[in-house]
2 protein chains.
Amino acid sequence: MTEFRSINAATGEAHGDPIAISTPADVAAACEAAAAAFDTYRATDRETRAAFLERIAEEILAIGEPLIEAYTAESGLPRARGEGERGRTVGQLRLFADVVRKGQWQQIRIDPAMPDRAPLPRPDLRLRMIAVGPVAVFGASNFPLAFSTAGGDTASALAAGCPVVVKGHPAHPITGSLIAAAITKAVRDAGLPEGVFQHLVGPSNELGAALVQDPRIMAVGFTGSRAGGLALVKLAQAREVPIPVYAEMSSINPVVLLPEALKARGEALGAAFVGSLTMGAGQFCTNPGLILAVEGDGLDAFVSAASAGVSGAKRQTMLTTGIASAYAKGVQTLSALPGVEKLAEGELGSTTCGGAVLFQTTAEKFLADKAMGDEVFGASSVIVRCKDEGELLAVLEGLEGQLTATLHMDDADEGTASRLLPVLERKVGRILANGWPTGVEVSHAMVHGGPFPSTSDPRTTSVGSLAIDRFLRPVSYQNLAQGLLPAELRDDAFGDGAPRLIDGKLTLN
Amino acid sequence: MTEFRSINAATGEAHGDPIAISTPADVAAACEAAAAAFDTYRATDRETRAAFLERIAEEILAIGEPLIEAYTAESGLPRARGEGERGRTVGQLRLFADVVRKGQWQQIRIDPAMPDRAPLPRPDLRLRMIAVGPVAVFGASNFPLAFSTAGGDTASALAAGCPVVVKGHPAHPITGSLIAAAITKAVRDAGLPEGVFQHLVGPSNELGAALVQDPRIMAVGFTGSRAGGLALVKLAQAREVPIPVYAEMSSINPVVLLPEALKARGEALGAAFVGSLTMGAGQFCTNPGLILAVEGDGLDAFVSAASAGVSGAKRQTMLTTGIASAYAKGVQTLSALPGVEKLAEGELGSTTCGGAVLFQTTAEKFLADKAMGDEVFGASSVIVRCKDEGELLAVLEGLEGQLTATLHMDDADEGTASRLLPVLERKVGRILANGWPTGVEVSHAMVHGGPFPSTSDPRTTSVGSLAIDRFLRPVSYQNLAQGLLPAELRDDAFGDGAPRLIDGKLTLN
């Protein structure tokens with residue numbers, strides 16, 4: 001097979017021209033070009049690199065209507081979502097441009113020489129972060145723009161000074177190609193080497209495997225299934241030179257309904273929950289797949305409202321027929337577990353659509369069967385009824401690592417919440433109160449990450465400006481002449497706007 | 001076997017009382033206590049934690065003469081080195097106390113809410129770093145104080161808020177026990193839970209393996225051989241929840257002698273090189289095991305002086321008989337490689353001692369045989385003679401990841417140096433000019449780390465204040481009430497001296 005075709009998500013039919021599948025030779029050529037471009041690209045000054053990121057944003061906007069058309073056809077997601085996601089993608093690139101300009105990511109540290117120190121003089125030491133090398137980015141099916149070709153992984157890797165080789169997701173090859181062309185134009189217009197950005201496409205896992213195994217690739221960004229992420233981690237660890245894989249994989253995002261909040265607004269919470277559960281056919285990494293609460297009237301009101309909402313939910317087109325069928329299978333598996341009760345079901349799914357489903361169980365049963373905590377990617381959720389706070393805590397302690405945890409609470413719940421927080425901090429990357437985990441802000445204080453297996457590396461985030469740190473490593477320069485130091489470490493660079501830690505004291509520029 | 005004994009490095013004889021070997025039950029109990037202490041310890045405020053680190057330093061100094069006696073007997077290293085290393089260990093703890101107090105490690109980020117933003121309001125987001133969990137630290141044979149029980153890994157993990165379980169190195173159990181008692185006293189005097197610090201000892205690899213495999217351990221610090229480090233990495237990756245291993249493993253630390261410097265002072269460089277090579281019997285991670293230079297009169301002068309220095313070098317007691325015999329074997333293997341010529345040899349080694357050896361080869365032969373680049377832990381080094389700068393660059397490009405690279409240069413060598421620097425940045429963690437890589441400053445701008453296989457994780461350092469980052473992960477708090485936020489993220493904590501990134505803008509307190 002040398003070509004494949006894009007599939008319309010709603011119809012399941014092929015559309016558009018045949019697309020050439022990238023070959024092993026293409027992978028090798030792309031990695032070679034990326035490695036060749038690395039020293040040039042990482043040496044660009046902050047302004048050049050920031051302007052380049054902004055240029056990519058402009059080129060993406062310049063695609064106009066064809067991008068939204070390809071997006072909606074390939075993903076089955078509505079136009080408003082496509083426009084919103086384009087805004088997020090462009091905003092993300094501009095955020096990283098701002099981050100690059102401000103220069104804090106360089107983590108400049110200077111320990112001045114102490115020639116007279118006894119018994120030994122101290123040398124002049126200067127530290128900066130440098131890019132790790134060419135990065136492989138895997139497009140995500142559920143964010144054809146914001147987490148694919150020009151998504152968060154690409155933006156943060158380019159911001160760090162790493163050339164990027166994208167393996168586009170085969171569920172949206174036309175969207176991916178349009179974006180890739182926009183980036184390629186920005187690369188050329190900026191006068192950068194072509195190896196700074198390259199795009200590979202194809203439906204096979206072998207393509208991605210070859211990319212991760214190429215010795216010139218130095219880090220990997222991935223958002224997708226746990227099986228996919230773990231497979232890449234395994235390949236990366238088996239290399240002669242192992243490399244980090246930042247895989248954002250799976251999460252059921254526990255939502256804890258605290259007693260006073262439930263009492264005050266159990267019904268309203270139930271309705272709001274269904275909104276978060278069914279948004280985008282439930283195809284979010286932060287979809288609320290687990291509801292925890294202590295038995296009581298408030299919980300009954302919540303269950304009743306949530307059940308009504310789910311029962312009335314229309315089925316929605318899923319990203320691919322493969323995802324729709326995996327969702328149906330996941331729901332089937334969950335239904336079949338002893339101790340799991342189906343509370344409500346909306347319009348039934350189809351080969352291309354997924355319908356909403358709501359289950360319930362007890363804490364005792366949930367604790368006894370790990371399978372109830374497996375992610376079902378789509379609009380399915382499980383309510384776990386706890387006898388008391390002790391059981392609630394036990395369920396939280398027993399959970400795998402998660403991206404988020406949510407507390408719905410009133411002021412009078414603060415005591416309970418403060419007892420849950422230390423556990424939640426150990427289990428998740430983001431804790432939120434009185435909101436829903438779907439809707440991930442792209443900003444400086446966001447963490448979209450969390451303990452294994454929600455990600456393969458809990459020391460970081462894949463959304464927000466902190467994501468740049470994934471693609472950097474420190475280098476220290478000892479007693480180098482001013483003329484040999486990187487520009488930002490020279491004495492005459494002081495005052496360039498980047499913060500510096502000088503002899504342990506932070507200065508703003 | 002339930003007990004083992006300390007061995008005097010110089011005599012190879014057992015001395016002191018029998019020492020109980022930690023059992024698998026001890027490992028489990030230590031990890032259980034560490035996990036139980038975690039939430040309490042990580043919640044200590046900056047002042048409490050800093051004062052605790054300073055208290056450990058005081059308790060170590062209070063041991064006095066018995067510590068130096070144990071150190072010299074167990075390591076074979078001289079008293080002055082022991083006193084210097086104690087100073088470094090204490091200084092390191094005080095450095096981390098200062099780092100903890102200043103609070104930059106918390107990486108506080110606050111994105112204030114924008115309730116009126118359209119189309120969607122922005123939530124209040126606040127980020128901080130929290131400790132990853134209990135950390136396993138492996139004592140290093142070659143730094144019985146500065147990289148063992150209370151060494152850099154322990155100091156940085158405790159600074160981060162992680163309880164520590166040390167697996168003491170069996171080559172210095174008495175030194176380790178004295179230090180462990182000092183830390184334990186500091187833990188008690190500070191009123192902290194006993195699980196904050198624990199010490200296990202024993203000669204078997206199984207002990208360390210059990211520690212890394214315990215599900216309560218969340219990160220590992222290790223300094224030692226490549227085989228040892230890779231074995232721990234493998235165990236850590238095979239866990240149900242994989243964890244990071246920070247293993248500092250092996251490096252031959254290339255030293256490049258540039259033409260003008262060689263011309264000006266080839267002979268003096270040769271003598272100085274032997275000083276660095278033979279210091280501490282060559283048992284440093286940053287020992288200069290590889291010399292690179294272009295053919296010429298200067299190189300001949302260097303070779304002649306270095307050969308004379310090595311020929312006159314006395315053998316020195318090595319850390320253990322095992323290390324002495326591995327060194328002898330490594331030298332033997334290197335000698336036997338076709339194309340490697342023995343230039344000079346000092347006093348011959350023994351079962352407890354190692355003698356200095358100097359080899360040379362050509363770039364062409366070095367490039368043809370990877371085995372010439374293998375680390376020989378001890379006072380052995382290889383001079384690689386290059387025909388021209390192109391060959392020199394090819395040798396550097398072909399090297400594995402290293403901790404350091406050194407340039408000896410004059411002003412007139414700057415052009416050559418600037419062509420080598422991009423390659424060196426990709427290969428090493430620290431680049432130094434006109435010095436020797438041995439002697440690692442413990443400060444803010446130090447990087448003691450580097451690309452694989454010099455370490456298992458090039459994104460960090462094991463020496464210096466940046467080492468604290470290894471044991472931290474970010475957590476984001478969204479719309480939490482002030483009373484539920486961690487103290488440092490509350491509005492009323494502003495001005496507490498810790499820097500904050502507010503809406504992307506860095507403020508000093």
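Chain A forms the most heavy-atom pairs under 4.5 Å with one residue out of B:P451, B:G439, B:G435, and that residue is B:P451. Heavy-atom pairs under 4.5 Å with chain A peak, among B:Q237, B:E414, B:K505, B:E400, at B:Q237. Comparing A:P499, A:P123, A:P242, A:S418 by heavy-atom pairs within less than 4.5 Å of chain B, the highest count is held by A:P242. Comparing A:S476, A:P244, A:P119 by how many heavy-atom pairs each has under 4.5 Å with chain B, the most go to A:S476. Of the listed residues (A:D503, A:L480, A:V241), the greatest number of heavy-atom pairs within a distance under 4.5 Å of chain B belongs to A:L480. Counting heavy-atom pairs closer than 4.5 Å to chain B, the top-ranked of the candidates A:L472, A:I130, A:L466 is A:L466.
If you measure heavy-atom distances from B:P453 to chain A, you find no contacts under 4.5 Å at all. Using a 4.5 Å cut-off between heavy atoms, A:T460 touches chain B through its backbone atoms (N, CA, C, O) alone. Residue contact with chain B, scored on non-hydrogen atoms closer than 4.5 Å, involves the side chain of A:P486 exclusively. At a 4.5 Å heavy-atom cutoff, the contact between A:R117 and chain B is made by side-chain atoms alone. Both the backbone and the side chain of A:R459 come within less than 4.5 Å of a heavy atom of chain B. No part of A:D98 comes within reach of chain B, as not one of its non-hydrogen atoms sits under 4.5 angstrom from that chain. In this structure, chain B has no heavy atom under 4.5 Å from any part of A:L95. Only the side chain of B:D457 comes within contact range of chain A, judged by heavy atoms closer than 4.5 Å. For a residue to count as touching a neighbouring chain, one of its non-hydrogen atoms must lie under 4.5 Å from one of that chain's; by this rule B:Q104 touches chain A with the side chain only. No part of B:I243 comes within reach of chain A, as not one of its non-hydrogen atoms sits under 4.5 angstrom from that chain. No part of A:M218 comes within reach of chain B, as not one of its non-hydrogen atoms sits under 4.5 angstrom from that chain. Heavy atoms of A:V428 lying under 4.5 Å from chain B belong exclusively to its backbone. Neither the backbone nor the side chain of B:F471 comes within less than 4.5 Å of any heavy atom in chain A.
Using a 4.5 Å cut-off on side-chain heavy atoms (C-beta onward), B:L508 and A:L506 make contact. Side-chain contact between B:T404 and A:Q478 is absent, with no heavy-atom pair separated by less than 4.5 Å. Put simply, the side chain of A:R426 reaches to within 4.5 Å of the side chain of B:D39, judged on heavy atoms. Using a 4.5 Å heavy-atom threshold, the side chains of A:L484 and B:I431 count as separate. At a threshold of 4.5 Å between non-hydrogen side-chain atoms, the residues B:N434 and A:N479 do not count as touching.
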Report task. Check step by step if side chain to side chain contact (heavy atoms under 4.5 Å, CB included) holds for A:M446 and B:R109. Result -> CA-CA 9 Å; A:M446 173 52 65; B:R109 292 168 165 234; over 6 Å; no
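Within a 6.0 Å radius of CD in A:E240, other residues, nucleotides and ligands contribute 12 heavy atoms or fewer.
Here CZ of A:R430 is found 7.0 Å from CG of B:L125. Values are rounded to the nearest 0.5 Å. A:Q107 CD to B:D469 CG: the interatomic distance, rounded to the nearest 0.5 Å, is 6.5 Å. Residue A:L501 holds its CG atom at 7.5 Å from NZ of B:K102, rounded to the nearest 0.5 Å. With values rounded to the nearest 0.5 angstrom, B:L424 atom CG is found 9.5 Å from A:Y477 atom OH.
For B:R42 (side chain) and A:P422 (main-chain N/O), a donor-acceptor pair under 3.5 Å exists by modelled atom type. When atom types are taken as modelled, the side chain of A:D111 and the backbone of B:H444 share a donor-acceptor pair closer than 3.5 angstrom.
A pairwise comparison of heavy atoms in B:P458 and A:P474 identifies O-CD, 3.6 Å as the closest pair.
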